[in-house]
Amino acid sequence: MIFATRALLPEGWAGNVRLEIVEGRIASLATGAPPEAGDTRVDTLLPALSNLHSHSFQRAMAGMTEYRAAGRESFWTWRELMYRFLNRLTPEQVEAIAAMVFLEMQEAGYAAVGEFHYVHHQPGGAPYDNIAELSTRIFAAAEETGIGLTHLPVLYTYGGAGERPLAGGQLRFGNDVERFGSLVTAARGAAKALPEDTRVGIAPHSLRATSPGDLAAVMPLAAGGPIHIHVAEQPQEVADISDWLGARPVEWLMANAPLGPDWCAIHATHMTAEETEGLARSGTVAGLCPITEANLGDGPFNGPGWLAAGGAFGVGSDSNVRISLVEELRTLEYSQRLRDVQRNVLVTGPGSVGTALYTGAAAGGARALGRDAGAIATGHLADLVAIDSTHPALCALNGAQLLDGLVFAAPDGLVTDLWSAGRHAVQGGRHIARDRVVPAYRRAVEELVAGL
């Protein structure tokens, strides 16, 4: 049982809330209840967010790309270093890095992660004996940390728009449709050993890394589960797809793909007003990664247009250059303020911006990962996070202001407890596997970067 001094329920704040968790779900919930002996007592309980987009291996190269070389730096120059870096990764390093990333996510307040997994093969492109070898390493990291996992094997067939051949680091990604089907089947088989809340969806990487025919051919593999795709992250990508397919990426998807609530459009940065409205109304979740998008110079998302069309959104840590839930939400809002030269943008009508950001991302992120979560309600997965509202950054705020304080004023480190589908992974502000995971990560990255 969990006893919270206050908790954010779908209908608003409630005091003295007592929850029972059975088989990973909230079995009962009472408000105005006294605590009982043996309860886990917390201060303020919130629905935990799902991190809808992660490339966990990139965590190990954080800080290595912030040096300006001759010429103009861009996403594409960053990608060149990323390819060189990943070409050294071993399966053991993939597992150790992913475990560290998942631990940091949980300590930051994320209960689940969508791992957009595209490193499948050995350097040079030869498959491992087990085609899902590196997927099983992600599964092992999730099992070690207890995080909720939606695994998203990536279809990456081509090196660029127009079916250009794969080259260099991309060779570790490559699958045709038939081999991708074998990979997804093997990953789903291996995932059966994980908790029931584990999901395996599919992720056609992007229009530039697949083809119209291949995209249509892999749709049955989704089997009703999540479908994630990168769209319109960079102006060059938009131009390349337009030249090749005769339509902008989002425009082409709206005309040719079965978009709907199972889809998550990652980045969706460079869209016209018509594309923004159409994609939002399709039910597709916008997968926003504001810290990474700022780090890579992608540009800001059209938040006001998206919300006006009733669009759902969630956030992800993408490159994992910085894993901070509150900073992700903060950066999202601040990107809108800087572009529009105004304040309090991402809320429809009068109200708390922090509440709109937090609850919107909780609902949209859960939907994008196929998780029955995103709210504290009976029957939902027990994806829960407790924070310390007595911290100096929050102690003067009333309930109506608390999420504004959390999003815009709070430092990291306010999470005291976190449950991923009822698994109590963070206790007293510290992940229960930290003493095992951190040393393994350090050994892995020291070996990885030696001589890079």
Side-chain angles (χ1 to χ4, degrees), residues 2 10 19-29 40 45-54 56 98-99 101-117 132 135-153 184 187-203 222-228 261-262 264 285 287 314-317 325 361-386 415 417-427 431-433:
I2 302 171
L19 294 86
E20 180 184 16
I21 299 173
V22 177
E23 296 182 351
R25 293 184 177 270
I26 300 171
S28 65
L29 185 157
T40 298
L45 193 67
L46 304 171
L49 266 64
S50 295
N51 183 330
L52 57 64
H53 189 66
S54 164
S56 59
V101 168
F102 296 164
L103 176 152
E104 290 180 312
M105 289 176 183
Q106 289 171 297
E107 289 186 343
Y110 293 111
V113 60
E115 182 64 16
F116 197 98
H117 177 71
S135 287
T136 66
R137 298 296 182 152
I138 300 298
F139 295 164
E143 196 164 25
E144 171 75 10
T145 59
I147 200 167
L149 176 66
T150 294
H151 189 59
L152 298 159
V184 171
R188 286 184 172 146
K192 291 179 180 178
L194 273 66
E196 283 189 7
D197 58 296
T198 306
R199 300 285 180 270
V200 177
I202 64 168
I227 303 167
H228 289 216
D262 293 335
C264 182
V285 177
V315 295
S317 56
L325 185 156
R367 191 168 98 195
L369 298 195
R371 292 183 72 79
D372 188 11
I376 301 177
T378 303
H380 278 41
L381 287 172
D383 283 0
L384 305 168
V385 61
V415 171
D417 295 82
L418 179 129
W419 292 262
S420 295
R423 298 179 291 275
H424 195 181
V426 177
Q427 303 178 19
H431 198 288
I432 58 175

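Among all heavy-atom pairs drawn from Val385 and Pro47, the shortest one is CG1-O, 4.0 Å. His228 and Ala368 get closest at one heavy-atom pair: NE2-O, 2.9 Å. Ala98 and Ala141 get closest at one heavy-atom pair: CB-CB, 3.6 Å. When every heavy atom of Phe116 is checked against every heavy atom of Ala203, the shortest pair comes out as CE1-CB, 3.5 Å. Ile147 and Ala111 get closest at one heavy-atom pair: CG1-O, 3.4 Å. When all heavy atoms are compared, the tightest approach of Leu418 to Ser420 is CD2-OG, 3.5 Å.
Under a cut-off of 6.0 angstrom, the local environment of CD in Glu196 is sparse, with at most 12 non-hydrogen atoms contributed by other residues, nucleotides or ligands.
Remark: of the listed residues Asn51, Thr150, Asp197, Thr150 is the sole one forming a side chain to side chain contact (heavy atoms under 4.5 Å, CB included) with Leu369.
Residues Thr378 and Leu29 form a side-chain contact, since some pair of their non-hydrogen atoms from C-beta on lies under 4.5 Å apart. Here the side chains of Leu49 and Val315 are in contact, with some heavy-atom distance below 4.5 Å. Here the side chains of Ser54 and Met105 are in contact, with some heavy-atom distance below 4.5 Å. Residues Cys264 and Leu52 form a side-chain contact, since some pair of their non-hydrogen atoms from C-beta on lies under 4.5 Å apart. Between Ile2 and Trp419 there is a side-chain heavy-atom pair separated by less than 4.5 Å. Proximity of Ile21 to Arg25: side-chain heavy atoms (C-beta onward) are nowhere separated by under 4.5 Å. Counting heavy atoms from C-beta on, the side chains of Pro153 and Ile202 never come closer than 4.5 Å.
The structure places OG1 of Thr145 at 8.5 Å from CZ of Arg423, a figure rounded to the nearest 0.5 Å. Here the CG-NE2 distance, from Leu103 to His431, works out to 4.5 Å after rounding to the nearest 0.5 Å. Atoms CG and NE2, from Asp372 and His380 in turn, are 5.0 Å apart once rounded to the nearest 0.5 Å. Rounded to the nearest 0.5 angstrom, Arg188 CZ and Ser135 OG are separated by 11.5 Å. Rounded to the nearest 0.5 angstrom, Gln106 CD and Leu325 CG are separated by 12.5 Å. To the nearest 0.5 Å, atom CG of residue Leu19 and atom OG1 of residue Thr40 are 11.0 Å apart.
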>> Could you go through Ile376 and Leu45, starting from their C-alpha distance and side-chain angles, then the distance that decides it, and tell me whether this counts as side-chain contact (heavy atoms from CB on, under 4.5 Å)?
In response: CA-CA 9 Å; Ile376 301 177; Leu45 193 67; 4.1 Å; yes
> Which is it for Gln427 and Ile432 under the side-chain contact (heavy atoms from CB on, under 4.5 Å) test, yes or no, and what are the steps along the way?
Replying inline: CA-CA 7 Å; Gln427 303 178 19; Ile432 58 175; 3.7 Å; yes
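Ionic pairing of Asp262 and Arg367 is not present here: no N-O contact between side-chain nitrogen and carboxylate oxygen is shorter than 4.0 angstrom.
Panel note: side chain Asp383, backbone Ala421; a donor-acceptor pair is recorded below 3.5 Å.
In this model, no donor atom of one side chain and acceptor atom of the other lie less than 3.5 Å apart for Glu115 and His151.
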